[in-house]
Protein chains: 2
Amino acid sequence: MATPRPGGRTARTKAQAFEAAAALLAERDAADIAMTDIAGRAGVAATSLYRRWGDVRSLLTEMAVERLMEDSPLPDTGSLEGDLRTWGRTVAQSLCSREGSAFFRILIATAPTEDADRVGRITALGPRIQQIYDLITRALERGEPAPGVMDVTDYLLAPIYVRALFGVPADQSVADRLVDRLLAMAKAGQLVSAPP
Amino acid sequence: MATPRPGGRTARTKAQAFEAAAALLAERDAADIAMTDIAGRAGVAATSLYRRWGDVRSLLTEMAVERLMEDSPLPDTGSLEGDLRTWGRTVAQSLCSREGSAFFRILIATAPTEDADRVGRITALGPRIQQIYDLITRALERGEPAPGVMDVTDYLLAPIYVRALFGVPADQSVADRLVDRLLAMAKAGQLVSAPP
DNA sequence: GAACTAATGCAAATTATTTTGCGTTAAGGA
DNA sequence: TCCTTAACGCAAAATAATTTGCATTAGTTC
């Protein structure tokens, strides 16, 4: 039978490969990174990488997803405003750093275009959507009025994403302003407040 | 002296190459397109393409920029609301089509990460920013109150871009709703109205 | 700690990509 | 029309990327 071995050596190889990939991505463009380069810096045979990931794209994508998820955990401040503010700042800081921006762009660049891919593309957006959903659900459970998931996506996440993609700096004040306006719109009753 | 020859044959080669590139991009992922493939479909020698564009990335980028600019011309309806609505619909339709989405992702994927690049990355965003600027300037000259360029970017362009990138469909009603809320915010005085 | 085998490394073979040299075609100006 | 030469096509050479076969290492189970 085929018994998988996630232990010791395998995990070490993956860690080395991901670290090398991240380092290379920090110094040059994704399109200029070859499997050979990653193998060389990681101190690993290129054959191993080919056998495990098939091609550079897959390796880079997997690495980027893993790294991006490590950042921006879900806060719990007790109020929607506090949660959104904290989360917005974290996301902005994570994505607009040089590293975060590169990871994010990798996800978009490598997302397949085909039909089955829609799932793949949403994968990149998905986890954050889930976080938004959780924040809103908690607010509604507390009895607070809250905007819909798509509203938060449109008016908080999207502006941050666009800044990250195009290299426009986004500090805390930018995130704060976005949150302020989102909440103002929600209070003015302009956004749909759909309970889960 | 080196006299450039943009005429006949040169233009034809470029047109054939771009058409082939666009066709290939419609059926497979950008990373799976080789210079050889484009040359083959275009009925052109690969050497010519290498000599002119250097690599596949440059060719695809140049093509995508050209094609994206052909769409979404600047409207002039006489009112800011009308202009924004028309323009928003056009941009949404252009970017969220299968083809437009692929072109747009190419721009982001191939934009260099380095320092000098900031210019390069903004290139993709730039033309639309200019359009926004023009719309707003016209409105202010008519005496209409108008939001700032970054406001339109954040609340109209960014949501559309994010939908395009992640494959979320965006029809006219989505664009219309975004415009409505943007204008509502502007009227409520929440947005900075900075004259040029 | 011995047997089993997934995962790795290494070298050679294979395939794909990119460059180079040179003859040919055709645009642009006289 | 004729001349000049930019842009092209073709074939061969040079590089780079990927695959394959086999020996070796080291988790995992018993």
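When reading the values below, keep in mind they use all heavy atoms of this one structure, side chains included, and skip hydrogens, waters and symmetry mates. Numbered from 1 within each chain, the chains take letters A, B, ... in sequence-line order. Nothing here was measured: the structure is a model prediction, and the numbers come from that model.
For A:L49 and C:dC10, the CG to P distance is 12 Å, given to the nearest whole Å. Between the P atom of D:dT18 and the CD1 atom of A:I33 lies a distance of 13 Å, rounded to the nearest Å. When rounded to the nearest whole Å, the span between NZ of B:K14 and C1' of D:dA6 equals 16 Å. Between B:W53 atom CH2 and D:dC8 atom C1' the separation is 12 Å, expressed in whole Å. Between A:I38 atom CD1 and D:dT18 atom P there is a gap of 11 Å when expressed in whole angstrom units. Computed from coordinates, the B:M35 CE to D:dA17 C1' distance equals 17 Å when rounded to whole Å. C:dT18 atom P lies 12 Å from atom CZ of B:R57, rounded to whole Å. Atom pair B:Q16:CD and D:dC8:C1' shows a separation of 12 Å (rounding to whole Å applied).
Aromatic pair A:Y161/B:Y161: ring centres not closer than 6.0 Å.
No donor-acceptor contact under 3.5 Å links the side chain of B:R9 to the base of C:dA26. Side-chain atoms of B:T10 stay outside donor-acceptor range of the base of D:dC8, with no qualifying N/O pair under 3.5 Å.
Phosphate contact (OP1/OP2 of D:dC8, side-chain N/O of B:R52, threshold under 4.0 Å): present. Considering only side-chain N and O atoms, B:Y50 lies under 4.0 angstrom from the phosphate OP1 or OP2 of C:dT18. Taking 4.0 angstrom as the limit, B:R12 places a side-chain polar atom (N or O) nearer than this to OP1 or OP2 of C:dA27.
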### Message
Determine whether A:T137 and A:D134 satisfy the following criterion, side chain to side chain donor-acceptor pair (under 3.5 Å), listing intermediate values before the conclusion.
### Response
CA-CA 5 Å; A:T137 303; A:D134 291 343; 5.2 Å; no
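With A:R41 as the fixed residue, the side-chain contact (heavy atoms from CB on, under 4.5 Å) test singles out one of A:L24, A:I33, A:T36: A:L24.
For B:Q93, the CD atom counts as loosely surrounded, since its 6.0 Å shell holds 12 or fewer non-hydrogen atoms of other residues, nucleotides or ligands.
Backbone-only contact: A:A34 has heavy atoms under 4.0 Å from sugar-phosphate atoms and none from a base.
With hydrogens and angles left out, the side-chain atoms of A:S58 and A:D55 include a donor and acceptor closer than 3.5 Å.
Both B:R51 and B:V56 lie near DNA chain C, and the one whose nearest nucleotide falls closer to the 5' end is B:V56.
Of the candidates D:dT19, C:dT20, D:dC8, the closest approach to any side-chain atom of B:T47 belongs to C:dT20.
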